[in-house]
Amino acid sequence: MRVDWSLPAWGWPLLCVAAILCVVWTQRAYLRADPPPRRSVRNWLISLRAVVFIVLLLALAGPMLIHDASRGLPPEVVVVLDDSASMAAVDGPQGASRWSQALRLAALADSVVRARAPGARVVLWRGNGLQAAREIRRRDATDPPVGVGTDLKALLREAVTAAAGRPLRAVLLVCDGHDTALDGGAAFSAPAGAPFLAVGVGDPVGPPDLAIQELRYPEVAYQGEEIAVEVTVALRGATAGTVARPRVLVQRDGQVVAEATAAATAREGVVTFEVPLRAPVSGLLVWNLDVEPLVDERFLANNRATIAVDVRPDRARLLLLAGSPGWDARFLAQAANRAGRVALSVVHPGTAGAVLADSGRAWTSPRDAAGWHRWNGVVLLGWSRLEPLVDWPSLATAVRERLGLLVLPGDDAGGNWIGPPRPLAALLPVDSEAAVWLPGDWIAQGTAPQAHSLLSGVTQDVTAGQGLDSGRWPPLRAVLTATVRPGAQMLLEAVQAGDEQGTGVPLLVAGRPGGGRVTWFGGRRLWELAFWEHADPSGGAVSHPGRRLLQNLLLWTATGEGREGISLTGHRRVYEEGERIRLEAHWRDSQGNLAATRRPLTLALRALDDSAWAVRSFALAPVPADSSRAAVTLPPLPAGRWAARPVANGTPAVEGPEEEFLVVPQAIEAAQTRQDRRALRALAVEAGGAYLGADVPGARERLAAAVAGWPLTAAAQPVRRSRDLSAGWPLLAVIVILLGTEWLLRRTQGLP
């Protein structure tokens, strides 16, 4: 016990001077008192008054009474049980569940600890690392585990953190070893001096089991086309009498729509086969795929998978209006076939009017914008012979609304420049009123400072519209002079061969009049870009930029890929319950380029199957090293259909298209049919501990021996008690007693 003072050292001399002055003042006051008290009484009065002043001055110095002691803290042992649904599995025909085994092992450890150290504290936790863990009480010990997914390291960190400040002497983990946190997360190491023991429950071998090992299919398809589903089925734990030819059934709305039987017999191996499906309607279509089980197969949940395909209404439809059906039209049709996502119809002048090239049937131009919207885009290949056959005002209106337009003037009649139809002239991204054809050898060069989907796979540098390898392009025989309009973007320019630093002529220009998109290519004989073959000196395969450009031109015109705004990218259509779902969004500017955004981005998530589930927002964080993308990892979601929409906040807010995805029930837990000893051993090594399999003979005795060797010693915790002597009733009582005694003595001497 000691007294500490809050007054600094330099204040003590001042305090002493103040005390002396108070004593001197008190003595002089009583020496001049009238009537003068007797000498003995006067000395008492001076002493009492001086003591009051000194006590008050000492109170200003902040005396603090300190009492240091210690108390014993009982040792603590943390027992962690995996609370995921796989722990409810029963491994043998007459066996107990993994959860009941874990509870018995935890009770054994508890009894050994309390027998060695009666005052020890054993804390049992149940959790899966994805939701908050809770301490096991007697009333909820028998509650079956229902959690989906497991993050063992996060669970262990949570349990150890809860014991902070107490003498943690050991950590015991009981689980089946399955961890769905595939990224591994932060490493876990047991606290210094605290042994770590991982006990694995469940059969490490497992019974004979057929399981879907891999499922591959396109996540986007078009209505009416065939979808190829590739299934890989594995047979594990085969015995001498186990022979299987896996058979797969695919159902939709309770009806079997396809089935297939593997050609080969699976015996402790894998078999892969294909199942063809048809997409009869558009939308997010869902099929259930089931593998017929083995005789007496116990784990059937891993025999089922869910297929979800985003079925688009139809392929993008393009209309090619050709002044004459020449080589350009032929190579554009070939490019549409290679793209695979574009259906191209060709119209050209016939003897009695416009006709369809594939059938020779008469074609009549739409007279309003709605009629043009039967197509996603129009390719205009010359127009001199089409003038009386096309209703140009309605076409211009459709382009301003949303229609795509690709203008290729290079195949016009006789090489003489004839200006575009007046309704279209104002929509073009270039001013071509005074244009002329310039013959010569012209070389294409990239000019766009950022990536554009029209140049995807065309330029060598995919991060910018530059790096065009002119050696792999044919020289253009003529280009059309034009002036780029304000707001349009020049992607390629043409320069004279041998004069790469000279003034260029706009070659490929993109613009957006209203809600549509218009692309201009001002070179003659476009087909030469696809026809030209360049030998690779190394002898390797060479990607063909000319053919890729033709495909990009058609796709951009038909679908407008790279449109302005925010959209989700790279996400899957099917996730498993308990799985962390990562969604990314990217931003494109008005020219369709990937661009950074300074707006805060959020993701609006809603449940399509649960009207009571309110729309929730999640903040999207920028992806490092890529300012055009932002990402968010959603918490595990319950099974059902979900829809996500990216939103760029601000005034006004910009919303992206809504995307649907599916969460299937507990597929992760269903695949955990046996104990993962390898994962538990790796975790034990990382944590600096040991692994023990509960399935080995004498496992309970080995567990009891390991627990008996833990250092279950109590810890002394320092305890400090303090009391402020300058505050509270004791100081007030002392002052009152001293002043009261002084007052009584003064009254006996007749002093006021």
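Just so you know, these numbers come straight off a predicted model, no measurement behind them. For the single chain, residues carry numbers from 1 onward in sequence order.
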Colleague: Between Leu215 and Glu230, does a side-chain contact (heavy atoms from CB on, under 4.5 Å) hold up when you go through it step by step?
Modeller: CA-CA 6 Å; Leu215 182 64; Glu230 187 174 329; over 6 Å; no
Colleague: Is there a side-chain contact between Ile307 and Val229, using heavy atoms and a 4.5 Å cut-off?
Modeller: yes
Colleague: Please list, one pair per line, the donor and acceptor atoms closer than 3.5 Å that link side chains of residues 685-697 to other protein atoms, with sequence neighbours excluded.
Modeller:
residue : atom : partner : partner atom : Å
Glu686  : OE1  : Lys153  : NZ           : 3.2
Glu686  : OE2  : Lys153  : NZ           : 3.3
Glu686  : OE2  : Phe188  : N            : 3.0
Tyr691  : OH   : Gln675  : OE1          : 2.5

Colleague: CG of Asp209 to CG of Asn303: how many Å apart, nearest 0.5 Å?
Modeller: 6.5 Å
Colleague: Quick check: closest heavy atoms across Ala96 and Arg104, and the distance to 0.1 Å?
Modeller: CB-NH2, 3.8 Å
Colleague: Measure across Gly177 and Leu680 and return the closest heavy-atom pair with its distance rounded to 0.1 Å.
Modeller: CA-CG, 3.5 Å
Colleague: Quick one: list whatever passes side chain to side chain contact (heavy atoms under 4.5 Å, CB included) with Thr633, sequence neighbours left out.
Modeller: Arg580, Arg582
Colleague: Evaluate the criterion side-chain contact (heavy atoms from CB on, under 4.5 Å) for residue pair Glu219 and Val309; output intermediate values, then yes/no.
Modeller: CA-CA 5 Å; Glu219 294 190 346; Val309 180; 6.0 Å; no
Colleague: For the atom pair OH (Tyr575) and CG (Leu662), what is the distance rounded to the nearest 0.5 Å?
Modeller: 11.0 Å
Colleague: Answer whether the closest heavy-atom distance between the side chains of Gln223 and Ser282 falls below 4.5 Å.
Modeller: yes
Colleague: In Å and rounded to the nearest 0.5 Å, what is the CG to CD distance from Asn649 to Glu655?
Modeller: 9.5 Å
Colleague: List for me each residue that meets side chain to side chain contact (heavy atoms under 4.5 Å, CB included) alongside Ala190, sequence neighbours excluded, and say none if there are none.
Modeller: Phe196
Colleague: With sequence neighbours excluded, what pairs up with Ala679 under the side chain to side chain contact (heavy atoms under 4.5 Å, CB included) test?
Modeller: Asp676
Colleague: Looking only at non-hydrogen atoms, find the nearest pair between Pro167 and Pro74 and report the distance.
Modeller: CG-O, 3.2 Å
Colleague: Would Ser617 and Thr602 count as having a side-chain donor-acceptor pair, cut-off 3.5 Å?
Modeller: no
Colleague: Say whether, by atom type as modelled, one donor and one acceptor occur between the side chain of Glu158 and the main chain of Ala133 under 3.5 angstrom.
Modeller: yes
Colleague: Please tell me if the side chains of Val275 and Glu259 come closer than 4.5 Å, counting only heavy atoms from C-beta onward.
Modeller: no
Colleague: Would you please name every residue forming a salt bridge (charged side-chain N to carboxylate O under 4.0 Å, His left out) with Arg572, sequence neighbours left out?
Modeller: Glu579
Colleague: Output yes when a side-chain donor or acceptor of Arg599 lies under 3.5 Å from a complementary backbone atom of Val647, and no otherwise.
Modeller: no
Colleague: Check salt bridge (charged side-chain N to carboxylate O under 4.0 Å, His left out) between Glu214 and all other residues, then give those that pass, not counting sequence neighbours.
Modeller: Arg216
Colleague: Considering only heavy atoms from C-beta outward, does the side chain of Val79 approach that of Val123 to under 4.5 Å?
Modeller: no
Colleague: Are Asp176 and Arg674 packed together at the side-chain level, in the sense that at least one heavy-atom pair is separated by less than 4.5 angstrom?
Modeller: no
Colleague: Under the criterion side-chain contact (heavy atoms from CB on, under 4.5 Å), I'd like the reasoning laid out for Leu634 against Leu605: C-alpha separation, chi angles, the key distance, then a yes or no.
Modeller: CA-CA 10 Å; Leu634 301 177; Leu605 181 69; 4.1 Å; yes
Colleague: Please test Leu173 against Leu197 for side-chain contact (heavy atoms from CB on, under 4.5 Å), starting from the C-alpha separation and ending with a verdict.
Modeller: CA-CA 6 Å; Leu173 171 66; Leu197 179 62; over 6 Å; no
Colleague: Among residues two or more places apart or on two chains, list those pairs meeting salt bridge (charged side-chain N to carboxylate O under 4.0 Å, His left out) that have a residue in residues 602-624.
Modeller: Arg606-Glu658
Colleague: Consider side-chain contact (heavy atoms from CB on, under 4.5 Å). Of Val248, Leu300, Asn302, Leu249, which one does Val291 pass it with?
Modeller: Val248
Colleague: Who are the side chain to side chain contact (heavy atoms under 4.5 Å, CB included) partners of Ala89, not counting sequence neighbours?
Modeller: Arg98, Phe299
Colleague: Test of understanding: with salt bridge (charged side-chain N to carboxylate O under 4.0 Å, His left out), list the residues that count as partners of Glu226, not counting sequence neighbours.
Modeller: Arg278
Colleague: Under 4.5 Å between any side-chain heavy atoms of Thr713 and Arg169, yes or no?
Modeller: yes
Colleague: Parallel, tilted or perpendicular: which one describes the rings of Trp613 and Trp642, with boundaries at 30° and 60°?
Modeller: perpendicular
Colleague: Taking all atoms of both residues into account, what is the closest heavy-atom pair of Ala585 and Pro646, and its distance?
Modeller: CB-CB, 4.1 Å
Colleague: If the condition is side-chain hydrogen bond (donor to acceptor under 3.5 Å, both in side chains), which residues does Gln131 pass it with, not counting sequence neighbours?
Modeller: Asn128
Colleague: After noting the C-alpha distance and the side-chain angles of Thr150 and Asp179, does the key distance pass the side chain to side chain donor-acceptor pair (under 3.5 Å) rule?
Modeller: CA-CA 5 Å; Thr150 310; Asp179 196 324; over 6 Å; no
Colleague: So how far is it from Leu103 CG to Leu105 CG, rounded to the nearest 0.5 Å?
Modeller: 9.0 Å
Colleague: Test: salt bridge (charged side-chain N to carboxylate O under 4.0 Å, His left out). Region: residues 284-293. Which pairs qualify, not counting sequence neighbours?
Modeller: Arg247-Glu292, Asp290-Arg304
Colleague: Provide the closest heavy-atom pair for Ala619 versus Val632 in the form atom of the first, atom of the second, distance.
Modeller: O-CG2, 3.4 Å
Colleague: Using 0.5 Å steps for rounding, measure from the CD1 atom of Ile581 to the CD atom of Glu576.
Modeller: 10.5 Å
Colleague: Quick one: which residue pairs count as a salt bridge (charged side-chain N to carboxylate O under 4.0 Å, His left out) with a foot in residues 105-122, not counting sequence neighbours?
Modeller: Glu76-Arg121, Asp110-Arg114
Colleague: Say whether Ser567 and His586, considering side chains only, have a donor N or O and an acceptor N or O under 3.5 Å apart.
Modeller: yes
Colleague: Check whether any side-chain heavy atom of Leu712 sits under 4.5 Å from a side-chain heavy atom of Val113, and report yes or no.
Modeller: yes
Colleague: Given Val663, which of Val574, Thr306, Leu637 fulfils the side-chain contact (heavy atoms from CB on, under 4.5 Å) condition?
Modeller: Leu637
Colleague: In Å, rounded to the nearest 0.5 Å, how long is the span from CD of Glu274 to CD1 of Ile227?
Modeller: 13.0 Å
Colleague: Where do Arg252 and Pro280 come nearest, in terms of heavy atoms and distance?
Modeller: NH1-CG, 4.2 Å
Colleague: Do NZ/NE/NH1/NH2 and the carboxylate oxygens of Arg573 and Glu659 come within less than 4.0 Å?
Modeller: yes
Colleague: Tell me, do Cys175 and Leu152 make a side-chain contact under 4.5 Å, heavy atoms counted?
Modeller: yes
